[in-house]
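Order of listing sets the numbers, starting from 1, for every ligand and every atom in it.
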Amino acid sequence: MRIEQELKLGFKDVLFRPKRSTLKSRSQVNLTREFTFKHSGRQWSGVPVIAANMDSVGSFKMAEALAKHNVMTAIHKHYSVEQWAEFVQSAAADTLKNVMVSTGTSDNDFQKTKDIMAMSEEIIFICIDIANGYSEHLVDYVQKVRVAFPNKVIVAGNVVTGDMVEELILAGADIVKVGIGPGSVCTTRVKTGVGYPQLSAIIECADAAHGLGGRIIGDGGCTCPGDVAKAFGGGADFVMLGGMLAGHEEAGGELVEKNGETFMKFYGMSSKSAMDKHSGGVAGYRAAEGKTVLIPFRGPVENTIQDVLGGVRSTCTYVGAASLKELTKRTTFIRVQEQENNVYGKE
Ligand code: 5GP
């Protein structure tokens, strides 16, 4: 047994230190980033926020709504090939360039990914997503997908340490997804005791990825626009959001009436709800590692995404970053033991 003594940090443990700035207004801040990806050589430009590939977040409708802001959506993997065909036919090219096709690592998943990718040249992102990215099986699968799709952008995850980020990039991933345990409907830390505070995971994994010309997605744990800004400040190239985008019209979750109020169901992809729906229940050898919650219905996602992007723009003006690309260079975090003042309740 070993103990690492250095204290690892979550979003709640830091704040940005403000810095002198010549920016007059947050409208001067450019949130668009341009990337050329390591293996595929593909270019993408847009606002690097991604709706998570969860049942009641990463829907086709969400992709259409967020593409208006050049924001991405990782489409969840439970749509059929037929549903994909319909979507691809009707979607604008701008929407397709901003979607990721999510997949697991089975032979069926491989075939389905091939079928979907064959539908349009405009779709360039494949997101290979398993809960425990430390499995040797993921590395082999990334290699296989890289051979089959040499010019597509491959995302692989989830991991939280630099060694595994490097291994996945060397295996052919352009982008590595980072986060184990921080998610809003995740119970991995409770069920297994495994995890890594998300801000430290981002800082360490970004360092490892950037050294090799790779990119990372900070996935999970953002509860407010300030957390999204902290993830970018820590070095995340992209930030993925589940709970912050759940509960909206476009998310497509089940609506529930309770005491005269409307709620939308939201659940983890390893929760009992998800396994009942997609796998015929929780298998005897495993525990559910996600929970199910009811979120007060929030209407269209438009206001929320504007709030998130507005918050990040404002962070940039506080630290003097004229563009999102500069934010991490202008970031000094201070460690704190307080965040917002809750005397009148939470936002
Ligand atoms: P959030 O933005 O809601 O805090 O986190 C979203 C992320 O939580 C997802 O992108 C995914 O990585 C993770 N996640 C989703 N469902 C589950 C689950 O059932 N269990 C665990 N451990 N993580 C989940």
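Lys112 contributes a side-chain N or O that, together with a main-chain N or O of Lys77, makes up a donor-acceptor pair within less than 3.5 Å.
When each atom of ligand 1 is checked for a heavy atom of Thr188 under 4.0 Å away, the hits are 21 (C), 22 (N). Every atom of ligand 1 is numbered from 1 in the order shown, and the set under 4.0 Å from a heavy atom of Leu241 is 2 (O). Atoms of ligand 1 found under 4.0 Å from any heavy atom of Ala52 (numbered from 1 in listed order, with element): 10 (O). Near Met269, the atoms of ligand 1 lying under 4.0 angstrom from a non-hydrogen atom of the residue are 15 (C), 16 (N), 17 (C), 18 (C), 19 (O). Near Ser270, meaning under 4.0 Å from any of its heavy atoms, are these atoms of ligand 1: 18 (C), 19 (O), 20 (N). Close contacts of ligand 1 with Asn158, meaning ligand atoms under 4.0 Å from a residue heavy atom, involve 12 (O). Below 4.0 Å from some heavy atom of Ser271 lie the following atoms of ligand 1, by number and element: 19 (O). Near Gly243, meaning under 4.0 Å from any of its heavy atoms, are these atoms of ligand 1: 1 (P), 2 (O), 3 (O).
For Met54, every heavy-atom contact with ligand 1 shorter than 4.0 Å involves the side chain, none the backbone.
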Query raised in the report: Going through the distances and angles, do Glu254 and Lys265 end up as a salt bridge (Lys or Arg N to Asp or Glu O under 4.0 Å)?
Result: CA-CA 5 Å; Glu254 185 189 332; Lys265 228 185 207 182; 3.7 Å; yes
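Between Trp44 and Phe125, the angle of the ring planes goes over 60°, which puts this pair in the perpendicular group of the 30/60° scheme. The aromatic rings of Phe87 and Trp84 stand perpendicular to each other, their planes meeting at an angle above 60°, with 30° marking the opposite boundary.
Among all non-hydrogen protein atoms, the one lying nearest atom 8 (O) of ligand 1 is Gly183 CA, 3.9 Å. Here the protein heavy atom with the shortest distance to atom 2 (O) of ligand 1 is Gly242 N, 2.7 Å. In terms of protein heavy atoms, atom 5 (O) of ligand 1 is closest to Gly220 CA, 3.3 Å. Nearest protein heavy-atom contact of atom 23 (N) of ligand 1 is Cys186 CB, 3.5 Å. At the top of the distance list for atom 3 (O) of ligand 1, counting protein heavy atoms only, stands Ser184 OG, 2.5 Å.
For the pair Lys144 and Phe110, the cation-pi test (distance below 6.0 Å, angle within 45°) is passed.
Taking the centre of each ring, Phe16 and Tyr318 stay at or above the 6.0 Å mark. For Phe238 and Phe232, the gap between ring centers reaches or exceeds 6.0 Å. Aromatic rings from Phe297 and Phe263 are positioned such that their centres are separated by 6.0 Å or more.
Side-chain contact annotation: Thr188 with Glu289, donor-acceptor N/O pair under 3.5 Å present. Residues His278 and Asp55 bring a donor and an acceptor atom of their side chains to less than 3.5 Å of each other.
Comparing heavy-atom distances from atom 18 (C) of ligand 1 across Lys291, Lys177, Glu289 singles out Glu289 as nearest. Among Thr187, Ile50, Leu245, Asp219, the residue whose heavy atom sits closest to atom 11 (C) of ligand 1 is Asp219.
Under 4.0 Å is where a charged nitrogen must lie from a carboxylate oxygen, and between Lys38 and Asp174 no such pair does.
Atom 14 (N) of ligand 1 lies below 4.0 Å from none of the non-hydrogen atoms of the protein.
Within the 4.0 Å heavy-atom shell around ligand 1 one finds Gly221.
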